[in-house]
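Shown next, in structure tokens, is the structure this report addresses.
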Amino acid sequence: MPYVVEAETRARNLAIHGRILSLKQDPDYLHYKTTWPGFTTGVPGSPDIKEEEKPTEQHSSSDDTEQLLRHYFSLKHNAAELYELWSQNDLNFRKKAPKFTGIRIMSQDAWETLIGFICSSNNNISRISQMVHKLCRYYGPLIGHIGEEPFHDFPGPQALMGKGVESQLRELGFGYRAKYIAETARLVSEEKPRGWLESLTNPKNPGFGAEEDPELGRATYKEAHEQLLTLSGVGPKVADCVCLMGLGWGEAVPVDTHVWQIAQRDYKFGKVKTKTFSKAMYDSVGDHFRKIWGDQAGWAQSVLFTANLKSFSDRSIAKVEVDEVKVKIEDTVSETPDVLKTPKPRSPRKRQVTALETVKVEEIGTASGTITRSKRRRLQST
DNA sequence: TACAACCCTGTATG
DNA sequence: ACATACAGGGTTG
């Protein structure tokens with residue numbers, strides 16, 4: 001069965017878990033290179049990681065990056081099997097979804113996911129990405145450089161809590177979300193018990209590096225969702241995004257305007273006179289999808305969501321089919337950073353695309369990997 | 001339960 | 001050209 005891949009894959013750099021990763025994908029492999037800070041004992045989230053002379057590379061014997069990537073892209077799940085399951089239980093999915101492969105739910109850091117999706121309300125992907133990038137640049141600990149470009153990890157709750165934070169974030173263009181971020185940071189840092197957010201993790205799907213913590217993950221999905229609603233700027237949709245992508249709850253189904261329209265159009269959820277739908281209706285939609293799609297309902301939702309986007313409706317044209325391609329080891333990939341014209345990543349987690357030096361080739365699996373958002377002309381209806 | 005208001009940016013429409 | 005409207009994976013009071 002041929003893979004369907006983007007015709008061109010560019011290397012992407014991102015700060016994650018206290019290191020810089022350079023990622024590149026081809027039909028068979030995800031290639032990665034790890035750049036560690038000179039000083040590797042620092043904890044991500046603490047603001048005092050110092051960079052020393054040149055970033056050093058760690059050797060694979062003690063490198064947990066492959067494990068990190070398998071977790072980050074949720075590679076333990078078999079996409080083909082799940083698509084088959086969803087298709088058998090749902091004729092609408094069977095009709096619309098098969099072309100949209102390569103979509104995966106990521107497992108990102110819970111705190112970063114939370115703040116990232118607070119930024120997402122009534123907002124567009126491009127600006128969300130810029131906002132997350134600004135949070136890292138202005139408040140996050142420096143990990144190191146790739147060329148001239150500095151890479152910062154995502155700032156912890158303490159760093160986003162100060163009194164000046166809200167006004168500064170407003171100046172940085174965060175709008176009304178500035179208050180939500182500062183207030184949520186204060187709540188998590190001071191009002192909630194230590195480790196509160198992590199304790200909402202799905203025990204069957206623990207976060208990276210937290211496998212052995214017995215204190216973690218006593219909650220159920222519904223409890224986790226309910227708890228998140230106590231934060232500022234977190235409604236049912238954002239709470240489900242955090243449950244799904246930050247806390248390992250595969251059954252979480254974020255219901256936004258698009259999914260609500262899909263539910264009404266394709267799943268017999270009655271048309272309603274009101275502009276906004278109620279919390280009861282929100283829960284009802286999620287419950288219905290959980291019933292027909294099962295414990296990875298959030299993934300199925302994401303596939304249908306993507307299939308429903310106009311900007312992806314010509315996906316089959318934008319792709320090329322490849323039967324088999326040999327793995328290439330590229331010594332250098334030069335690329336001129338072009339912030340304005342580079343398609344923005346779909347995930348608010350990704351930071352920047354820059355030049356890559358050397359690529360260490362390692363197999364980490366044959367999953368089709370992430371999608372990137374194409375900057376196609378958007379055809380507005382009505 | 002039902003809105004308007006909320007920050008800001010890009011796109012469509014007149 | 002320039003104004004106005006509206007969407008953009010919502011939440012709050």
Side-chain angles (χ1 to χ4, degrees), chain A residues 100 103 105-106 108 113-135 165-184 187 225-226 228-246 252-265 270-286 289 297-313 339-341 343-349 371 373-382:
Chain A
F100 297 89
I103 296 165
I105 302 299
M106 297 174 68
Q108 301 181 262
T113 306
L114 171 60
I115 298 302
F117 280 101
I118 286 176
C119 291
S120 78
S121 77
N122 209 282
N123 204 351
N124 60 71
I125 305 290
S126 171
R127 183 152 77 117
I128 298 164
S129 301
Q130 294 176 56
M131 288 161 75
V132 172
H133 193 91
K134 282 176 184 172
L135 289 174
V165 170
E166 180 185 341
S167 56
Q168 190 180 353
L169 288 180
R170 278 196 175 264
E171 287 174 23
L172 289 172
F174 281 64
Y176 61 82
R177 303 166 196 84
K179 186 160 86 174
Y180 297 158
I181 292 170
E183 176 66 5
T184 288
L187 282 168
H225 188 266
E226 186 182 358
L228 290 170
L229 292 179
T230 64
L231 300 172
S232 178
V234 179
K237 189 269 178 179
V238 168
D240 266 328
C241 288
V242 178
C243 281
L244 179 63
M245 295 172 237
V253 178
V255 182
D256 58 34
T257 52
H258 292 254
V259 176
W260 174 235
Q261 285 168 27
I262 291 171
Q264 288 182 109
R265 190 192 62 204
K271 299 271 191 262
V272 127
K273 311 170 195 94
T274 59
K275 209 94 172 165
T276 57
F277 53 100
S278 67
K279 176 66 161 65
M281 198 60 89
Y282 181 99
D283 291 336
S284 157
V285 171
F289 285 140
W299 188 352
Q301 170 272 141
S302 189
V303 174
L304 268 196
F305 172 90
T306 306
N308 197 53
L309 282 183
K310 291 187 179 66
S311 51
F312 280 89
S313 59
V339 177
L340 292 179
K341 292 189 177 171
K344 295 297 184 284
R346 177 177 138 79
S347 161
R349 178 63 173 80
I371 60 170
R373 193 165 189 272
S374 60
K375 197 132 189 183
R376 233 158 277 292
R377 192 165 55 92
R378 189 175 297 278
L379 307 168
Q380 296 290 356
S381 59
T382 67

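In what follows, chains are A, B, ... by sequence order, proteins preceding strands, each numbered from 1.
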May I have the distance from A:Met131 (atom CE) to B:dC6 (atom C1'), rounded to whole angstrom?
-> 13 Å
Please confirm whether any donor atom in the side chain of A:Asn122 sits under 3.5 Å from an acceptor in the base of B:dC7, or the reverse.
-> yes
Atom P, compared across C:dA1 and B:dC8: separation rounded to whole Å | 26 Å
Check every strand shown and say whether A:Gln301 touches a base, only sugar-phosphate, or nothing at a heavy-atom separation below 4.0 Å.
-> base
Determine: side-chain N/O of A:Thr257 to OP1/OP2 of C:dG10, distance under 4.0 Å, yes or no.
-> yes
May I have the distance from A:Ile125 (atom CD1) to B:dT11 (atom P), rounded to whole angstrom?
-> 14 Å
Per A:Arg177 side chain, nearest of listed nucleotides C:dT11, C:dG8, B:dC7 = B:dC7
Should A:Tyr282 and A:Lys237 count as side-chain neighbours, where that means a heavy-atom distance under 4.5 Å?
-> yes
Which base sits across from B:dT1 as a Watson-Crick or G-U pair, both distances under 3.5 Å?
-> none
For nucleotides C:dA3 and B:dC7, find the distance between their P atoms and express it as a whole number of Å.
-> 24 Å
Atom C1', compared across C:dG9 and B:dT1: separation rounded to whole Å | 24 Å
For A:Val234, report the nucleic acid contact type (base, sugar-phosphate, nothing); a contact means any heavy atom under 4.0 Å.
-> sugar-phosphate
Do any N or O atoms from the side chain of A:His225 and from the backbone of A:Pro236 form a donor-acceptor pair under 3.5 angstrom?
-> yes
Distance, rounded to the nearest Å, where A:Trp260 contributes CH2 and C:dG9 contributes P = 19 Å
When you measure from the side chain of A:Ser232 to the backbone N and O of A:Thr184, does any donor-acceptor pair fall under 3.5 Å?
-> no
Nearest to the side chain of A:Asn123 - C:dT11, C:dG8, C:dG9?
-> C:dG8
Would you say the side chain of A:Tyr282 and the base of C:dG10 hold a donor-acceptor pair, judged only by whether the two atoms sit under 3.5 Å apart?
-> no
Gap in Å between the two P atoms, one belonging to B:dA2 and one to C:dG8, rounded | 22 Å
Touch class at under 4.0 angstrom, heavy-atom based, for A:Leu231 against every strand present | sugar-phosphate
Nearest-Å distance for atom pair CG/P, residues A:Leu309 and C:dG9 | 7 Å
CG of A:Leu114 versus P of C:dG10: gap in Å, rounded?
-> 16 Å
Is the backbone of A:Gln168 close enough, under 3.5 Å, to the side chain of A:Glu171 for a donor and an acceptor to pair up by distance?
-> no
In whole angstroms, the gap separating P of C:dT11 from NE2 of A:His225 amounts to 9 Å
Please determine, by modelled atom types, if A:Ser126 and A:Gln130 share a side-chain donor-acceptor pair under 3.5 angstrom.
-> yes
Just name whichever nucleotide pairs with C:dG9, Watson-Crick or G-U, keeping both distances under 3.5 Å, else none.
-> none
Go through B:dC8, C:dG9, C:dG10 for me and flag the one nearest to the A:Arg127 side chain.
-> B:dC8
Could you check how far CD of A:Gln261 sits from C1' of C:dA7, rounded to whole Å?
-> 11 Å
Within a radius of less than 6.0 Å around NZ of A:Lys179, do more than 12 heavy atoms belonging to other residues, nucleotides or ligands occur?
-> no
Side chain of A:Arg170 only, please: which of C:dG9, C:dG8, B:dC7 is the nearest?
-> B:dC7
Between A:Cys241 and A:Ser232, whichever has its closest DNA chain C nucleotide further toward 5' is A:Cys241
Could you state the NZ-C1' distance from A:Lys179 to C:dG10, rounded to the nearest angstrom?
-> 15 Å
